[in-house]
Structures are given as structure tokens and as C-alpha cells.
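Notes to accompany the following structure.
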Amino acid sequence: MTSPKLDRDCELVFNDNGVCELVSNADDLVQAIRIELEQNKGQFALNTAWGTPYLNEANTGILQLKDNQNRIIQEVSKVINKYDGVQKIESIEFIEKKIVINIKINGEVYTIW
């Protein structure tokens with residue numbers, strides 16, 4: 001697969017000549033996973049099942065519960081495991097209030113966040 005390259009703010013990336021950059025193969029897969037993990041489930045109007053259940057009106061989202069690291073790992077794993085091509089989740093760690101995910105694709109480890 002090939003997709004337009006997006007920066008950390010999900011804005012298109014253009015090279016010095018003004019041409020939109022592309023990502024393909026493993027980089028495209030990593031970008032797709034990152035974008036889905038950044039989206040709150042239920043808020044994308046074209047597919048409300050897409051995203052990660054961070055917040056919701058029933059107060060059951062993974063960021064609305066105390067001591068929720070296991071649930072965060074579970075929900076993040078669900079999102080990642082939906083994607084064909086991910087061989088293995090190497091690690092999911094909480095570092096300085098951020099989640100750092102290492103996944104293996106085609107024998108190589110990629111870091112998300």
C-alpha cells in the first residue's frame with residue numbers, strides 16, 4: 001500500500017519542490033496504526049467503530065478509569081492486531097505519561113510515539 005505521508009499533526013508532508021510525499025509498505029502500516037490510535041472511537045463520522053475508546057459519554061473510556069494500564073494495553077493491542085502485516089507487538093510501555101509501542105513488521109521493529 002501507498003498513502004500520502006502525514007506529520008505528527010496529521011498534516012500532509014510536502015518536499016522542497018511542493019510535491020506531496022508518500023509512505024509505503026511498513027511505513028504506511030505504522031502510519032495507519034498511529035492515526036487510528038490517535039482517534040477517539042466514535043468520533044470519526046464515516047466509521048464510528050474506528051479508533052481507540054479513550055473517552056465516551058458512559059464514562060467507561062480507558063482514560064476515564066483509574067489504574068487502567070492493563071485496559072490501555074488491551075485496547076491498544078486490539079487496534080494493532082487488526083492490521084495484517086504486524087508480526088508481533090514487541091512492547092507497550094508507559095514512559096513519562098506517554099505510551100511507547102514497539103511492533104515488528106517484516107522482521108524489523110518500529111516505534112509508535
Side-chain angles (χ1 to χ4, degrees):
M1 262 175 58
T2 301
S3 300
K5 184 175 183 178
L6 302 175
D7 65 13
R8 290 313 235 165
D9 297 321
C10 289
E11 298 288 334
L12 292 170
V13 175
F14 295 91
N15 67 16
D16 293 337
N17 296 325
V19 177
C20 183
E21 293 185 22
L22 301 175
V23 291
S24 58
N25 303 321
D27 291 326
D28 185 35
L29 183 58
V30 169
Q31 178 176 276
I33 292 168
R34 178 181 60 85
I35 290 169
E36 184 167 356
L37 289 172
E38 291 174 351
Q39 179 66 43
N40 188 38
K41 189 172 196 169
Q43 292 188 334
F44 182 53
L46 298 176
N47 183 354
T48 56
W50 190 75
T52 309
Y54 293 115
L55 305 169
N56 61 40
E57 291 178 6
N59 288 325
T60 59
I62 59 178
L63 297 181
Q64 293 168 299
L65 305 172
K66 293 182 180 180
D67 301 322
N68 60 352
Q69 283 191 353
N70 288 335
R71 177 120 186 269
I72 291 172
I73 291 170
Q74 178 185 21
E75 294 295 340
V76 166
S77 296
K78 274 190 213 177
V79 170
I80 294 168
N81 288 325
K82 290 190 320 188
Y83 288 85
D84 292 335
V86 176
Q87 294 170 313
K88 180 181 177 186
I89 298 172
E90 291 285 320
S91 65
I92 299 175
E93 301 175 280
F94 297 88
I95 302 172
E96 297 178 14
K97 296 186 180 183
K98 291 184 182 180
I99 188 168
V100 178
I101 306 159
N102 292 301
I103 57 174
K104 187 178 276 188
I105 302 171
N106 299 329
E108 191 171 334
V109 177
Y110 293 83
T111 300
I112 300 173
W113 276 301

Sidechain-backbone polar pair: Glu36 side chain, Thr52 backbone, donor-acceptor under 3.5 Å: no

Taking the side chain from Gln31 and the backbone from Lys5, do they hold a donor-acceptor pair closer than 3.5 Å? no

State, yes or no, whether a side-chain contact exists between Ile33 and Lys82 at a heavy-atom distance under 4.5 Å. no

Without swapping roles, check the side chain of Asp7 against the backbone of Asp9 for a donor-acceptor pair under 3.5 Å. yes

Using a distance-only test with no angle check, is there a side-chain donor-acceptor pair under 3.5 angstrom linking Glu21 and Asn15? no

Look up atom CD1 in Ile105 and atom CG in Asp27, then write down how far apart they are to the nearest 0.5 Å. 8.5 Å

Checking Gln64 side chain against Asn56 main chain: does a donor-acceptor pair fall under 3.5 Å? yes

Mind listing the closest non-hydrogen atom pair of Val109 and Glu90 along with its distance? CG2-CG, 3.9 Å

Output for pair (Ile92 CD1, Gln69 CD), nearest 0.5 Å, gives 11.0 Å

Please report the C-alpha distance between Leu37 and Ile101 in whole Å, then the side-chain angles of each, then the deciding distance to 0.1 Å, and finally whether the side-chain contact (heavy atoms from CB on, under 4.5 Å) criterion is met. CA-CA 11 Å; Leu37 289 172; Ile101 306 159; 3.7 Å; yes

Counting distance only, does the side-chain N/O of Asn40 pair as donor-acceptor with the main-chain N or O of Leu55 below 3.5 Å? yes

When rounded to the nearest 0.5 angstrom, what distance separates NZ in Lys88 from CD1 in Ile103? 13.0 Å

Salt bridge Glu75-Lys41, side-chain N to carboxylate O under 4.0 Å: no

